[in-house]
Amino acid sequence: VTLSLDQYRERFDRVMNLALTNNQVPDRLQDAMRYSALSNGKRVRALLVYAAGFAVNAPIERLDAVACALECIHSYSLIHDDLPAMDNDDLRRGQATNHIQFDEATAILAGDALLTLAFELINAPNSQLTDAQCRLISHKLAIGAGQIGMVGGQTLDILATAQLSSPEQLKDMHLRKTGALINAAVSCGALCAENLNADVLKRLSDFADNIGLAFQVIDDVLDVESNTEQLGKRSKADLALQKSTYPKVLGLEASKQLAQTLYQDAIASIDGIGDNTQHLTELATLVVTRKH
Ligand code: IPE
Ligand code: IPE
Ligand code: MG
Ligand code: MG
Ligand code: MG
């Protein structure tokens with residue numbers, strides 16, 4: 001049977017709830033982790049894991065831990081991104097940000113614990129992954145999340161505040177801060193397959209880079225065009241913080257056009273990898289047409 005994206009989302013919510021249930025964790029820490037990680041996000045990264053896995057016939061039981069790991073890291077990145085020392089936001093997914101709901105120390109620690117939990121889940125004895133897959137997936141995820149990936153990109157974002165970035169600098173920053181984790185989601189989902197063709201992995205990785213960049217371009221556009229109610233986070237926050245964004249550097253229309261081009265390039269990247277790309281296509285569409 002082929003699951004719909006909604007069915008994958010339901011499955012994910014079930015396994016993620018279990019992944020965040022552990023009676024050895026101090027209540028306050030677990031409450032803070034669950035508050036953010038189980039709140040109302042789009043689950044794009046988890047769904048990309050399942051969609052990429054589906055495209056290469058990976059067994060679904062292997063994808064669960066990987067999908068949870070991706071969303072753990074994503075949630076951690078949002079908690080830390082919202083901290084006063086970074087974007088200083090008070091609203092996320094329609095609720096108070098973690099450090100407002102709890103306190104800064106708890107928010108920092110909840111982020112730390114979610115990041116660590118990602119690697120615990122992948123390497124847990126019951127993860128269904130082979131030892132070789134654990135190693136490859138852990139490595140790919142560490143690269144995407146870490147110093148040359150997401151954390152590196154967040155550093156460039158802070159450095160670019162109140163600066164006029166070139167289009168090249170902006171692309172590099174966005175590919176790191178957002179694209180790298182989206183690439184890890186797609187690549188790690190694919191690595192759950194029994195045998196993975198190197199060319200297929202390369203095409204999936206190109207797909208992910210294209211939608212990863214498009215994802216942050218649209219995030220920047222929505223900050224300008226949408227409203228706080230619809231976004232569940234403060235609109236016009238980038239303007240207030242003097243962030244380097246696509247609308248600021250290229251203009252609004254050119255930014256939207258770029259997202260369309262990236263979408264088309266993404267679809268072209270996975271042309272010919274097989275008949276099971278429908279979920280990837282659906283997610284690529286979601287990335288560029290989303291309203292929040
Ligand atoms: C927001 O990501 C942060 C970015 C990388 C742009 P999402 O738009 O995926 O946030 P949620 O998970 O749906 O809340
Ligand atoms: C966040 O980019 C990227 C992350 C790695 C979290 P933004 O700072 O634009 O994300 P939002 O707009 O706060 O969700
Ligand atoms: Mg930020
Ligand atoms: Mg932010
Ligand atoms: Mg943003």
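Numbers here are sequence positions counted from 1. One-based numbering, in listed order, for ligands and for the atoms of each.
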Residues D219 and Q216: side-chain donor-acceptor under 3.5 angstrom = yes
ask   = Using the ring of each side chain (for Trp, its six-membered ring), is F54 parallel, tilted or perpendicular to H279, with breaks at 30° and 60°?
value = tilted
query = If we ignore angles and hydrogens, is there a donor and acceptor under 3.5 Å between the side chains of S39 and R92?
reply = no
query = Got a donor-acceptor contact below 3.5 angstrom from the E282 side chain to the L5 backbone?
reply = no
query = Among side-chain atoms of Q154 and D81, is any donor-acceptor pair under 3.5 angstrom?
reply = yes
ask   = Which heavy atom of A214 sits nearest a heavy atom of V288, and at what distance?
value = CB-CG1, 4.0 Å
query = Under 3.5 Å, is there a donor-acceptor pair linking the side chains of N98 and S36?
reply = yes
query = Looking at K202 and D199, does any basic side-chain N land under 4.0 Å from a carboxylate oxygen?
reply = no
request  = Kindly say whether the aromatic ring centers of H174 and F215 come within a distance under 6.0 Å.
outcome  = no
Report all N/O contacts between ligand 1 and the protein shorter than 3.5 Å as a table of atom names and distances to 0.1 Å; if there are none, say 'none'.
residue	atom	partner	partner atom	Å
ligand 1	8 (O)	K42	NZ	2.7
ligand 1	9 (O)	R45	NH1	2.8
ligand 1	9 (O)	R45	NH2	3.4
ligand 1	12 (O)	H74	NE2	2.7
ligand 1	12 (O)	R93	NH2	2.7
ligand 1	13 (O)	K42	N	2.9
ligand 1	13 (O)	K42	NZ	2.8
ligand 1	14 (O)	R93	NE	2.8

request  = Work out how many protein N, O or S atoms lie closer to the Mg ion (ligand 4) than 2.8 Å.
outcome  = 2
